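One structure below.
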Amino acid sequence: PETSQGRAVVYGYDDQGKLVVQGGDGKTPGQRSWLDRGRALGKRIIFPPNVVTSVSKDYLATRGWHAVHHLVHGVGGFVVGAATLAALAGDASWGAAVGGGAAMASFGLIRNYVCNATGFLTSFQVEKAEKNPRGWMIAGEALQNLGMAVGALTAVPAVTAHVPGGLFGLTMAGAAISTVAGVMKGAAEANVNQRQAVDGNLAQVNIANSHQDMFNGSVSGAGGAALMAGLHHYGLATSALPAVAAVTGVLGTLAMTQWVKN
């Protein structure tokens, strides 16, 4: 290897992407530890190339808060979703009745129709979200939390017994609210990646963001499963659902507020 005063010369890239001499640490690139190699590989996978100069200054801050928001809703959504499916499977009309498989399939089909119809009607309002993205990111967050709260109530028999339509009505209402939130938030956030890709590297930014979300999804899924197991262990799988939805909503709103602020 090339040396300078008895030390190995280490090359690297500066903020402009140019090859420069970074100094000598006594190690050639091939002698780096597995930890250093792992960090370098992780950085290449998780972040766009030349992240210091190829994206806008707010990229790291907003992606950080996006990750927190994704993690919070991933954990809370896992618990609420699992409890809702369990309640549906145990319902006399849809899950436990003879031929319950067909009834469950019909239930899912009806819910998909409700979501598709709601999404179609909401799509006519996406221009409002595009013109006021910050406001609709917060408003969409509020709707998303409301949809999760309604979904959590479907697993509480004391509530479904006193609601018109019972579990079916609550599930459809929660699905419709969540669909409206998803469409409006999606429209509000649509131009964020394009604005942050200041080096004409939108594809690289999209890929890096996708990798971040994939990793975050794995972590939040494991966290949700662990929380669900803990609630079952202490006999709180049903009674604690409203609290889980409430905490998820509060923390999710705080993360979204910081995301928008940055």
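In what follows, every heavy atom counts, from backbone to side chain, and hydrogens, waters and symmetry copies are set aside. Worth saying up front: this structure is predicted, and the values here are computed from it rather than measured. Along the sequence shown, the residues carry numbers beginning at 1.
With values rounded to the nearest 0.5 angstrom, R111 atom CZ is found 12.5 Å from S106 atom OG. One distance of note links OG1 of T179 with CG of N116; it measures 8.0 Å at 0.5 Å rounding. If you take OG on S220 and CG on D213, they are separated by 9.5 Å, rounding to the nearest 0.5 Å. With rounding to the nearest 0.5 angstrom, the CG atom of L241 is 7.5 Å from the CG atom of L231. Residue T257 holds its OG1 atom at 10.0 Å from CE of M137, rounded to the nearest 0.5 Å. Annotation: the span from H70 atom NE2 to F215 atom CZ amounts to 12.0 Å, rounded to 0.5 Å.
In this structure, the side chain of S178 does not engage the main chain of A175 through any donor-acceptor pair within 3.5 Å. Judged by distance alone, with hydrogens and angles left aside, the side-chain atoms of S218 form a donor-acceptor pair with the main-chain N or O of M214 at under 3.5 Å. T118 contributes no side-chain N or O that, together with a main-chain N or O of A176, makes up a donor-acceptor pair within less than 3.5 Å. T122 places no side-chain N or O within 3.5 Å of a backbone atom of V180 that could act as its donor or acceptor partner. Q212 places a side-chain N or O within donor-acceptor distance of the main-chain N or O of I46, the cut-off being under 3.5 Å.
Between M148 and V79, every side-chain heavy-atom pair lies at or beyond the 4.5 Å cut-off. Between H211 and R44, every side-chain heavy-atom pair lies at or beyond the 4.5 Å cut-off. L227 has its side chain out of reach of F78: every pair of non-hydrogen atoms, C-beta onward, lies at least 4.5 Å apart. Looking at heavy atoms from C-beta onward, V75 lies out of side-chain contact with T248 at the 4.5 angstrom threshold. The shortest distance between side-chain heavy atoms of P133 and V192 does not fall below 4.5 Å. Contact annotation: the side chain of V51 approaches that of P48 to within less than 4.5 Å [non-hydrogen atoms, C-beta and beyond]. Put simply, the side chain of F107 reaches to within 4.5 Å of the side chain of T171, judged on heavy atoms. Under the 4.5 Å side-chain criterion, counting only non-hydrogen atoms from C-beta, N50 is not in contact with D199.
Residues A82 and M228 approach most closely at CB-CE, 4.1 Å, considering heavy atoms. Listed here is the closest heavy atom pair of A245 and A152: CB-CB, 3.9 Å. The two residues L143 and A181 make their nearest non-hydrogen contact at CB-CB, 3.6 Å.
Residues T253 and N145 have side chains that bring a donor and an acceptor to within less than 3.5 angstrom of each other. Between the side chains of Q258 and H66, no donor-acceptor pair is found at a separation under 3.5 Å. For the residue pair Q125/K128, the side-chain donor-acceptor check at 3.5 Å is satisfied.
Counting heavy atoms of neighbouring residues, nucleotides and ligands inside a 6.0 Å radius, atom CD of Q194 does not exceed 12 of them. Around atom CH2 of W259, more than 12 heavy atoms belonging to other residues, nucleotides or ligands sit under 6.0 Å away.
Hydrophobic clustering keeps L167 apart from V163 (ILVMFWY residues linked when any side-chain heavy atoms are closer than 4.5 Å, directly or through intermediates). Residues I177 and V80 do not share a hydrophobic cluster, clusters being chains of Ile/Leu/Val/Met/Phe/Trp/Tyr side chains in contact below 4.5 Å. With hydrophobic clusters built from ILVMFWY side chains whose heavy atoms lie under 4.5 angstrom apart, L170 does not share a cluster with V114. Transitive grouping of hydrophobic side chains (ILVMFWY, heavy atoms separated by less than 4.5 Å) brings I45 and L60 into a common cluster. L146 is connected to V159 through a chain of hydrophobic side-chain contacts under 4.5 Å among Ile, Leu, Val, Met, Phe, Trp and Tyr, so both are in one cluster.
Between R195 and D58, at least one side-chain nitrogen of the basic residue sits less than 4.0 Å from a carboxylate oxygen of the acidic one, meeting the salt-bridge criterion.
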* To do: Might you work through the side chain to side chain contact (heavy atoms under 4.5 Å, CB included) test for M256 and K185, ending with a clear yes or no?
  => CA-CA 11 Å; M256 177 59 70; K185 283 181 68 177; 3.7 Å; yes
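Under the side-chain hydrogen bond (donor to acceptor under 3.5 Å, both in side chains) test applied with Y59, the options N209, N193, N262 reduce to a single match, N209.
Relative ring orientation between H69 and H73 is described as tilted, the plane-to-plane angle lying within the 30° to 60° band.
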